[in-house]
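Structure first, then comments.
Both ligands and their constituent atoms are indexed starting at 1 by order of listing. Everything numeric in this text was worked out from a predicted model, so none of it was measured.
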Amino acid sequence: MKTIDDYNFEDKKALIRVDFNVPLDKKFNVTDTSRIEAAKPSILKVLEDGGSAVLMSHLGRPKGKANPDMSLSHICETVSEIIGVQVKFAEDCVGKTADEAVEALQSGEVLLLENLRFHAEEESGDEGFAEALSRHGDIYVNDAFGTAHRAHASTTIVAQFFPGNKCFGYLLAKEIKAIQKVMQTGEKPVTAILGGAKVSSKITIIENILDKVDNLIIGGGMTYTFVKAKGGSVGDSICEDDKMDLALDILKQAEAKGVKVHLPVDVLAADDFDNDAKTQFVDVDAIPEGWQGLDAGPKTLENFGQVILNSKTILWNGPVGVFEMETFAEGTIAIGNYIDEATQKGAFSLVGGGDSVAAVKQFGFEDKVSYVSTGGGAMLESLEGKTLPGIAAILD
Ligand code: AMP
(Lines give C-alpha, C1' and ligand atoms only; values in the text may rest on other atoms or scores of the structure.)
Protein backbone atom coordinates (compact mmCIF):
# COMPACT_ATOMS: atom_id res chain seq x y z
CA MET A 1 0.00 0.00 0.00
CA LYS A 2 1.72 3.18 -1.20
CA THR A 3 1.30 6.18 1.04
CA ILE A 4 2.44 9.76 0.78
CA ASP A 5 5.51 8.79 2.84
CA ASP A 6 6.78 6.75 -0.10
CA TYR A 7 7.34 9.91 -2.15
CA ASN A 8 9.59 12.93 -1.98
CA PHE A 9 7.74 15.93 -3.36
CA GLU A 10 10.74 18.22 -3.88
CA ASP A 11 9.99 20.40 -6.93
CA LYS A 12 6.91 18.29 -7.60
CA LYS A 13 3.26 19.26 -7.76
CA ALA A 14 0.97 17.05 -5.70
CA LEU A 15 -2.61 16.85 -6.94
CA ILE A 16 -4.48 16.08 -3.74
CA ARG A 17 -8.15 15.02 -3.59
CA VAL A 18 -9.29 16.29 -0.21
CA ASP A 19 -12.72 16.29 1.39
CA PHE A 20 -13.48 19.94 2.07
CA ASN A 21 -17.22 19.34 1.96
CA VAL A 22 -17.62 21.35 5.16
CA PRO A 23 -20.75 22.90 6.68
CA LEU A 24 -21.19 26.66 6.11
CA ASP A 25 -23.46 29.09 7.93
CA LYS A 26 -25.58 31.75 6.18
CA LYS A 27 -22.60 34.09 6.02
CA PHE A 28 -20.47 31.32 4.49
CA ASN A 29 -18.34 30.81 7.59
CA VAL A 30 -17.09 27.26 8.12
CA THR A 31 -18.92 25.92 11.19
CA ASP A 32 -16.95 22.68 11.55
CA THR A 33 -13.32 22.68 10.40
CA SER A 34 -12.50 19.07 11.27
CA ARG A 35 -12.29 17.92 7.64
CA ILE A 36 -9.81 20.69 6.84
CA GLU A 37 -7.73 19.88 9.92
CA ALA A 38 -7.82 16.22 8.89
CA ALA A 39 -6.23 17.02 5.51
CA LYS A 40 -3.51 19.23 7.00
CA PRO A 41 -0.80 16.59 7.64
CA SER A 42 -0.71 15.45 4.00
CA ILE A 43 -0.55 19.02 2.70
CA LEU A 44 2.24 19.93 5.12
CA LYS A 45 4.26 16.85 4.16
CA VAL A 46 4.25 17.97 0.51
CA LEU A 47 5.26 21.52 1.43
CA GLU A 48 7.97 20.40 3.84
CA ASP A 49 9.48 18.21 1.11
CA GLY A 50 9.74 21.34 -1.05
CA GLY A 51 6.79 20.67 -3.30
CA SER A 52 3.53 22.46 -4.04
CA ALA A 53 -0.03 21.27 -3.46
CA VAL A 54 -3.02 21.55 -5.77
CA LEU A 55 -6.15 20.81 -3.73
CA MET A 56 -9.39 19.61 -5.29
CA SER A 57 -12.70 18.93 -3.56
CA HIS A 58 -16.43 19.13 -3.88
CA LEU A 59 -18.75 21.19 -1.69
CA GLY A 60 -22.44 20.46 -1.41
CA ARG A 61 -24.57 19.24 -4.28
CA PRO A 62 -24.46 21.82 -7.08
CA LYS A 63 -25.57 19.12 -9.56
CA GLY A 64 -23.14 19.94 -12.34
CA LYS A 65 -23.74 23.71 -12.45
CA ALA A 66 -21.73 26.62 -11.05
CA ASN A 67 -23.47 27.88 -7.92
CA PRO A 68 -21.87 30.78 -6.02
CA ASP A 69 -23.36 29.55 -2.72
CA MET A 70 -21.26 26.41 -3.03
CA SER A 71 -18.04 28.03 -4.16
CA LEU A 72 -14.92 26.79 -2.41
CA SER A 73 -13.71 30.41 -2.42
CA HIS A 74 -15.76 30.78 0.80
CA ILE A 75 -13.41 28.48 2.66
CA CYS A 76 -10.09 29.70 1.24
CA GLU A 77 -9.29 31.93 4.24
CA THR A 78 -10.14 29.21 6.73
CA VAL A 79 -7.93 26.73 4.88
CA SER A 80 -5.11 29.33 4.85
CA GLU A 81 -5.38 29.84 8.61
CA ILE A 82 -5.37 26.11 9.32
CA ILE A 83 -2.52 25.23 6.95
CA GLY A 84 -0.53 28.32 7.86
CA VAL A 85 0.08 29.29 4.24
CA GLN A 86 -1.87 31.82 2.16
CA VAL A 87 -3.84 29.54 -0.16
CA LYS A 88 -4.37 30.67 -3.76
CA PHE A 89 -7.67 30.06 -5.48
CA ALA A 90 -8.53 29.10 -9.08
CA GLU A 91 -12.04 29.98 -10.20
CA ASP A 92 -12.41 26.76 -12.13
CA CYS A 93 -10.98 23.30 -11.60
CA VAL A 94 -10.19 22.65 -15.28
CA GLY A 95 -9.49 24.74 -18.39
CA LYS A 96 -7.37 27.83 -18.93
CA THR A 97 -7.95 29.44 -15.49
CA ALA A 98 -6.90 26.32 -13.65
CA ASP A 99 -4.03 25.47 -16.02
CA GLU A 100 -2.52 28.95 -15.68
CA ALA A 101 -2.85 28.99 -11.89
CA VAL A 102 -1.19 25.58 -11.66
CA GLU A 103 1.56 26.65 -14.08
CA ALA A 104 2.36 29.68 -11.90
CA LEU A 105 2.46 27.68 -8.66
CA GLN A 106 5.86 27.65 -6.91
CA SER A 107 7.31 25.21 -4.40
CA GLY A 108 5.86 25.83 -0.95
CA GLU A 109 2.60 27.18 -2.38
CA VAL A 110 -0.93 25.81 -2.17
CA LEU A 111 -3.67 26.22 -4.75
CA LEU A 112 -7.33 25.40 -4.12
CA LEU A 113 -9.40 24.61 -7.21
CA GLU A 114 -13.06 25.58 -7.51
CA ASN A 115 -15.76 23.01 -6.65
CA LEU A 116 -15.34 19.89 -8.82
CA ARG A 117 -19.10 19.30 -8.89
CA PHE A 118 -19.70 22.51 -10.83
CA HIS A 119 -19.00 20.11 -13.72
CA ALA A 120 -21.39 17.21 -14.25
CA GLU A 121 -18.40 15.23 -15.57
CA GLU A 122 -17.05 14.89 -12.03
CA GLU A 123 -19.85 12.67 -10.77
CA SER A 124 -20.30 10.84 -14.06
CA GLY A 125 -16.63 9.84 -13.87
CA ASP A 126 -15.83 11.33 -17.29
CA GLU A 127 -12.40 10.28 -18.56
CA GLY A 128 -11.72 13.48 -20.49
CA PHE A 129 -12.48 15.58 -17.41
CA ALA A 130 -10.27 13.32 -15.29
CA GLU A 131 -7.47 13.72 -17.82
CA ALA A 132 -7.84 17.51 -17.65
CA LEU A 133 -7.56 17.33 -13.85
CA SER A 134 -4.56 15.03 -14.07
CA ARG A 135 -2.53 17.74 -15.83
CA HIS A 136 -2.46 19.69 -12.55
CA GLY A 137 -0.03 17.39 -10.78
CA ASP A 138 3.01 15.10 -11.03
CA ILE A 139 1.80 12.81 -8.24
CA TYR A 140 -1.82 12.04 -7.34
CA VAL A 141 -2.67 11.80 -3.66
CA ASN A 142 -6.11 10.62 -2.56
CA ASP A 143 -6.84 11.79 0.97
CA ALA A 144 -10.65 11.86 0.83
CA PHE A 145 -12.18 8.85 2.55
CA GLY A 146 -15.67 10.39 2.54
CA THR A 147 -15.87 10.02 -1.26
CA ALA A 148 -13.74 6.88 -1.69
CA HIS A 149 -16.90 4.82 -2.35
CA ARG A 150 -17.69 6.92 -5.42
CA ALA A 151 -16.18 6.23 -8.85
CA HIS A 152 -16.02 9.94 -9.63
CA ALA A 153 -13.45 11.59 -11.90
CA SER A 154 -11.37 13.10 -9.07
CA THR A 155 -11.64 10.18 -6.66
CA THR A 156 -11.10 7.21 -8.96
CA ILE A 157 -10.83 7.81 -12.72
CA VAL A 158 -8.01 10.37 -12.45
CA ALA A 159 -5.73 7.76 -10.84
CA GLN A 160 -5.25 5.93 -14.13
CA PHE A 161 -3.30 8.92 -15.48
CA PHE A 162 -0.68 8.51 -12.73
CA PRO A 163 0.77 5.02 -13.24
CA GLY A 164 3.45 4.56 -10.57
CA ASN A 165 2.80 8.06 -9.23
CA LYS A 166 -0.26 7.72 -7.00
CA CYS A 167 -0.68 7.14 -3.31
CA PHE A 168 -2.88 7.46 -0.23
CA GLY A 169 -2.66 10.56 1.92
CA TYR A 170 -2.27 10.16 5.69
CA LEU A 171 -5.98 10.41 6.42
CA LEU A 172 -7.08 7.80 3.90
CA ALA A 173 -4.23 5.50 4.96
CA LYS A 174 -5.37 5.82 8.58
CA GLU A 175 -8.94 4.93 7.65
CA ILE A 176 -7.81 1.87 5.69
CA LYS A 177 -5.59 0.68 8.55
CA ALA A 178 -8.35 1.19 11.13
CA ILE A 179 -10.79 -0.89 9.10
CA GLN A 180 -8.17 -3.60 8.54
CA LYS A 181 -7.49 -3.67 12.27
CA VAL A 182 -11.11 -4.54 12.93
CA MET A 183 -11.99 -6.65 9.91
CA GLN A 184 -8.76 -8.57 9.32
CA THR A 185 -6.15 -8.37 12.02
CA GLY A 186 -8.20 -7.56 15.10
CA GLU A 187 -7.06 -9.10 18.37
CA LYS A 188 -9.77 -11.40 19.81
CA PRO A 189 -12.36 -11.19 21.20
CA VAL A 190 -13.70 -8.96 18.44
CA THR A 191 -17.08 -7.34 19.17
CA ALA A 192 -19.34 -5.42 16.82
CA ILE A 193 -22.07 -3.23 18.29
CA LEU A 194 -24.70 -2.55 15.69
CA GLY A 195 -27.55 -0.19 16.41
CA GLY A 196 -29.56 2.27 14.39
CA ALA A 197 -33.05 2.16 13.11
CA LYS A 198 -33.50 -0.70 10.69
CA VAL A 199 -32.32 -4.24 10.00
CA SER A 200 -32.75 -3.60 6.28
CA SER A 201 -30.06 -0.91 6.22
CA LYS A 202 -27.59 -3.01 8.20
CA ILE A 203 -28.20 -6.46 6.81
CA THR A 204 -25.22 -6.55 4.44
CA ILE A 205 -22.93 -5.39 7.23
CA ILE A 206 -24.24 -8.05 9.60
CA GLU A 207 -23.76 -10.81 7.03
CA ASN A 208 -20.22 -9.64 6.26
CA ILE A 209 -19.05 -9.25 9.84
CA LEU A 210 -20.38 -12.61 11.02
CA ASP A 211 -17.17 -14.06 9.57
CA LYS A 212 -15.00 -11.61 11.49
CA VAL A 213 -16.39 -11.16 14.99
CA ASP A 214 -16.77 -13.23 18.15
CA ASN A 215 -19.63 -11.13 19.56
CA LEU A 216 -22.41 -9.30 17.85
CA ILE A 217 -24.33 -6.84 20.01
CA ILE A 218 -27.61 -5.76 18.43
CA GLY A 219 -29.36 -2.68 19.76
CA GLY A 220 -31.55 0.23 18.71
CA GLY A 221 -34.59 -0.05 16.50
CA MET A 222 -33.25 -3.24 14.91
CA THR A 223 -33.90 -5.08 18.14
CA TYR A 224 -37.65 -5.37 17.69
CA THR A 225 -37.57 -7.21 14.38
CA PHE A 226 -35.43 -9.88 16.07
CA VAL A 227 -37.57 -9.99 19.21
CA LYS A 228 -40.87 -10.25 17.32
CA ALA A 229 -39.39 -12.91 15.02
CA LYS A 230 -38.58 -14.94 18.15
CA GLY A 231 -42.19 -14.65 19.30
CA GLY A 232 -41.97 -11.66 21.66
CA SER A 233 -44.46 -8.79 21.93
CA VAL A 234 -42.94 -5.50 20.83
CA GLY A 235 -45.98 -3.22 21.17
CA ASP A 236 -45.69 -0.20 18.90
CA SER A 237 -41.90 -0.41 18.55
CA ILE A 238 -40.33 0.09 15.13
CA CYS A 239 -40.38 -3.32 13.44
CA GLU A 240 -39.86 -4.61 9.91
CA ASP A 241 -42.28 -7.52 9.67
CA ASP A 242 -41.00 -8.45 6.23
CA LYS A 243 -37.48 -8.87 7.65
CA MET A 244 -38.38 -11.30 10.44
CA ASP A 245 -37.32 -14.39 8.45
CA LEU A 246 -34.08 -12.66 7.67
CA ALA A 247 -33.55 -11.93 11.37
CA LEU A 248 -34.05 -15.60 12.26
CA ASP A 249 -31.70 -16.58 9.47
CA ILE A 250 -29.02 -14.22 10.84
CA LEU A 251 -29.34 -15.82 14.27
CA LYS A 252 -28.97 -19.27 12.69
CA GLN A 253 -25.95 -18.19 10.64
CA ALA A 254 -24.36 -16.67 13.73
CA GLU A 255 -24.81 -19.88 15.71
CA ALA A 256 -23.31 -21.94 12.90
CA LYS A 257 -20.32 -19.62 12.80
CA GLY A 258 -19.83 -19.60 16.55
CA VAL A 259 -20.70 -15.90 16.90
CA LYS A 260 -22.44 -14.97 20.15
CA VAL A 261 -25.38 -12.65 19.49
CA HIS A 262 -26.37 -10.34 22.35
CA LEU A 263 -29.83 -8.80 22.16
CA PRO A 264 -31.42 -6.42 24.68
CA VAL A 265 -33.34 -8.07 27.52
CA ASP A 266 -35.06 -4.91 28.78
CA VAL A 267 -35.82 -1.53 27.25
CA LEU A 268 -36.98 1.93 28.12
CA ALA A 269 -40.45 2.05 26.58
CA ALA A 270 -42.42 5.24 25.93
CA ASP A 271 -46.10 5.90 25.21
CA ASP A 272 -45.13 8.32 22.44
CA PHE A 273 -42.18 9.09 20.16
CA ASP A 274 -41.50 12.21 22.19
CA ASN A 275 -38.90 13.43 24.66
CA ASP A 276 -41.66 14.19 27.18
CA ALA A 277 -43.51 10.92 26.76
CA LYS A 278 -44.37 8.71 29.74
CA THR A 279 -41.71 6.01 30.14
CA GLN A 280 -41.18 2.69 31.89
CA PHE A 281 -38.61 -0.10 31.83
CA VAL A 282 -40.07 -3.33 30.50
CA ASP A 283 -38.82 -6.71 29.33
CA VAL A 284 -37.95 -6.51 25.66
CA ASP A 285 -40.39 -9.28 24.70
CA ALA A 286 -43.32 -7.93 26.74
CA ILE A 287 -43.80 -4.38 25.53
CA PRO A 288 -47.46 -3.39 26.02
CA GLU A 289 -49.60 -2.20 23.11
CA GLY A 290 -49.39 1.58 22.79
CA TRP A 291 -45.77 1.57 24.02
CA GLN A 292 -42.55 1.53 22.02
CA GLY A 293 -38.98 0.69 22.98
CA LEU A 294 -36.78 3.73 22.46
CA ASP A 295 -33.64 2.95 24.48
CA ALA A 296 -31.78 0.06 26.10
CA GLY A 297 -32.68 -0.85 29.69
CA PRO A 298 -30.32 -1.25 32.70
CA LYS A 299 -30.01 -5.07 32.59
CA THR A 300 -29.26 -4.87 28.89
CA LEU A 301 -26.57 -2.25 29.40
CA GLU A 302 -25.02 -4.32 32.17
CA ASN A 303 -24.86 -7.34 29.82
CA PHE A 304 -23.54 -5.31 26.90
CA GLY A 305 -21.00 -3.69 29.22
CA GLN A 306 -19.56 -7.05 30.28
CA VAL A 307 -19.10 -8.08 26.65
CA ILE A 308 -17.51 -4.76 25.71
CA LEU A 309 -15.13 -4.74 28.68
CA ASN A 310 -13.92 -8.23 27.76
CA SER A 311 -13.25 -7.28 24.13
CA LYS A 312 -9.90 -6.47 22.58
CA THR A 313 -11.30 -5.09 19.32
CA ILE A 314 -14.53 -3.11 19.12
CA LEU A 315 -16.53 -1.78 16.22
CA TRP A 316 -19.44 0.55 16.94
CA ASN A 317 -21.98 1.46 14.30
CA GLY A 318 -25.33 2.93 15.23
CA PRO A 319 -26.88 4.23 18.46
CA VAL A 320 -28.75 1.85 20.80
CA GLY A 321 -31.57 4.33 21.33
CA VAL A 322 -33.11 7.50 19.96
CA PHE A 323 -30.13 9.49 21.24
CA GLU A 324 -31.33 12.72 19.61
CA MET A 325 -33.87 12.95 22.45
CA GLU A 326 -32.34 13.37 25.90
CA THR A 327 -34.78 10.95 27.54
CA PHE A 328 -33.57 8.14 25.28
CA ALA A 329 -29.85 8.96 25.10
CA GLU A 330 -28.72 7.18 28.30
CA GLY A 331 -28.15 3.82 26.62
CA THR A 332 -25.99 5.25 23.86
CA ILE A 333 -23.98 7.24 26.42
CA ALA A 334 -23.49 4.11 28.55
CA ILE A 335 -22.20 2.17 25.52
CA GLY A 336 -19.78 5.03 24.80
CA ASN A 337 -18.55 4.91 28.41
CA TYR A 338 -17.96 1.15 28.27
CA ILE A 339 -16.04 1.52 25.02
CA ASP A 340 -14.00 4.30 26.64
CA GLU A 341 -13.15 1.99 29.55
CA ALA A 342 -12.29 -0.94 27.28
CA THR A 343 -10.09 1.36 25.16
CA GLN A 344 -8.25 2.53 28.28
CA LYS A 345 -7.63 -1.14 29.10
CA GLY A 346 -5.95 -1.54 25.70
CA ALA A 347 -8.73 -2.47 23.29
CA PHE A 348 -8.79 -0.99 19.79
CA SER A 349 -12.11 0.76 19.16
CA LEU A 350 -13.42 2.04 15.86
CA VAL A 351 -16.57 4.10 15.53
CA GLY A 352 -18.01 4.86 12.15
CA GLY A 353 -20.74 4.91 9.59
CA GLY A 354 -23.93 6.92 9.46
CA ASP A 355 -25.21 8.40 12.70
CA SER A 356 -22.69 6.87 15.11
CA VAL A 357 -20.21 9.66 14.46
CA ALA A 358 -22.86 12.29 15.27
CA ALA A 359 -23.60 10.48 18.55
CA VAL A 360 -19.92 10.19 19.42
CA LYS A 361 -19.34 13.89 18.75
CA GLN A 362 -22.48 14.98 20.61
CA PHE A 363 -21.44 13.14 23.77
CA GLY A 364 -17.74 13.97 23.60
CA PHE A 365 -16.41 10.44 23.01
CA GLU A 366 -14.30 11.49 20.04
CA ASP A 367 -11.01 11.45 21.93
CA LYS A 368 -11.89 8.42 24.02
CA VAL A 369 -12.14 5.84 21.25
CA SER A 370 -9.16 4.73 19.17
CA TYR A 371 -10.51 5.97 15.86
CA VAL A 372 -13.56 7.82 14.57
CA SER A 373 -14.07 7.36 10.86
CA THR A 374 -14.51 10.46 8.72
CA GLY A 375 -16.68 8.76 6.10
CA GLY A 376 -20.34 7.83 6.63
CA GLY A 377 -21.26 6.00 3.44
CA ALA A 378 -17.69 4.96 2.67
CA MET A 379 -17.39 3.39 6.12
CA LEU A 380 -20.69 1.53 5.76
CA GLU A 381 -19.61 0.13 2.39
CA SER A 382 -16.25 -0.93 3.84
CA LEU A 383 -18.03 -2.75 6.65
CA GLU A 384 -20.23 -4.42 4.04
CA GLY A 385 -16.99 -5.88 2.65
CA LYS A 386 -17.02 -3.88 -0.58
CA THR A 387 -13.80 -2.73 -2.21
CA LEU A 388 -14.12 1.03 -2.53
CA PRO A 389 -13.34 2.25 -6.07
CA GLY A 390 -11.21 5.15 -4.82
CA ILE A 391 -9.03 2.75 -2.86
CA ALA A 392 -8.86 0.15 -5.64
CA ALA A 393 -7.72 2.84 -8.10
CA ILE A 394 -4.62 3.57 -6.01
CA LEU A 395 -3.80 -0.09 -5.39
CA ASP A 396 -4.20 -0.86 -9.11
P1 AMP B 1 -28.66 4.52 11.55
O2 AMP B 1 -28.45 5.72 10.68
O3 AMP B 1 -29.19 3.32 10.85
O4 AMP B 1 -27.43 4.22 12.40
O5 AMP B 1 -29.85 4.89 12.55
C6 AMP B 1 -29.73 5.89 13.49
C7 AMP B 1 -31.09 6.27 13.97
O8 AMP B 1 -31.69 5.19 14.63
C9 AMP B 1 -31.05 7.38 14.98
O10 AMP B 1 -31.62 8.52 14.40
C11 AMP B 1 -31.87 6.86 16.14
O12 AMP B 1 -32.78 7.81 16.63
C13 AMP B 1 -32.61 5.70 15.55
N14 AMP B 1 -33.00 4.71 16.57
C15 AMP B 1 -32.24 4.10 17.47
N16 AMP B 1 -32.97 3.33 18.29
C17 AMP B 1 -34.26 3.45 17.92
C18 AMP B 1 -35.49 2.90 18.40
N19 AMP B 1 -35.52 2.07 19.42
N20 AMP B 1 -36.62 3.28 17.77
C21 AMP B 1 -36.57 4.14 16.73
N22 AMP B 1 -35.44 4.67 16.23
C23 AMP B 1 -34.29 4.34 16.80
Just go through G219, G221, S201 and tell me whose heavy atom is the nearest to atom 16 (N) of ligand 1. G221
Looking at CG of L15 and CG of L113, how far apart are the two atoms once the value is rounded to the nearest 0.5 Å? 7.5 Å
Within one Ile-Leu-Val-Met-Phe-Trp-Tyr cluster: V85 and I4, side-chain cutoff 4.5 Å: yes
What pairs meet the salt bridge (Lys or Arg N to Asp or Glu O under 4.0 Å) rule with one or both residues in residues 228-255, with sequence neighbours excluded? K228-D241
Heavy-atom nearest neighbour in the protein, as seen from atom 21 (C) of ligand 1, with distance rounded to 0.1 Å: V322 CG2, 3.7 Å
Whether M325 lies under 4.0 Å from ligand 1, heavy atom: no
Under 3.5 Å between some N or O of ligand 1 and some N or O of K198? no
Would you give the length of the straight line joining atom NE2 of H149 to atom NZ of K386, rounded to the nearest 0.5 angstrom? 9.5 Å
More than 12 non-hydrogen atoms from neighbouring residues, nucleotides or ligands closer than 6.0 Å to NZ on K257, yes or no? yes
Within 4.0 Å of some non-hydrogen atom of G196, the atoms of ligand 1 are 1 (P), 3 (O), 4 (O), 5 (O), 6 (C), 8 (O), 15 (C)
Pairing residues for Y140 by the ring-ring contact (aromatic ring centres under 6.0 Å, His included) criterion, not counting sequence neighbours: F162
On the 0 to 90° scale, with breaks at 30° and 60°, tag the F28-H74 ring pair as parallel, tilted or perpendicular. parallel
Closer than 4.0 angstrom: is that true for some heavy atom of Y224 and an atom of ligand 1? yes
Where does E324 meet ligand 1, judged by heavy-atom distances below 4.0 Å: at the side chain, the backbone, both, or neither? side chain
Measuring from atom CG of D143 to atom CD of E175, what distance do you get when rounded to the nearest 0.5 angstrom? 9.5 Å
Atom 15 (C) of ligand 1 has as its nearest protein heavy atom G321 O, 3.2 Å
Identify, for atom 8 (O) of ligand 1, the protein heavy atom at the shortest distance, and state residue, atom and that distance. A197 N, 3.2 Å
What part of I238 sits under 4.0 Å from ligand 1 if we count only heavy atoms: the side chain, the backbone, both or neither? side chain
Centroid separation under 6.0 Å, is that true for the rings of F304 and H262? no
Could you find the nearest protein heavy atom to atom 6 (C) of ligand 1 and give me its residue, atom name and distance? D355 OD2, 3.3 Å
What atoms in ligand 1 come closer than 4.0 Å to a heavy atom of G293? 18 (C), 19 (N), 20 (N)
Using a plain distance cutoff, I'd like to know if F323 has any nitrogen or oxygen under 3.5 Å from a nitrogen or oxygen of ligand 1. no
Between K202 and ligand 1, which part of the residue brings a heavy atom under 4.0 Å of the ligand: side chain, backbone, both or neither? side chain
As an exercise, state the distance from OG1 of T3 to CG of L172, rounded to the nearest 0.5 Å. 10.5 Å
Contact atoms of ligand 1, heavy-atom distance to G318 under 4.0 Å: 4 (O)
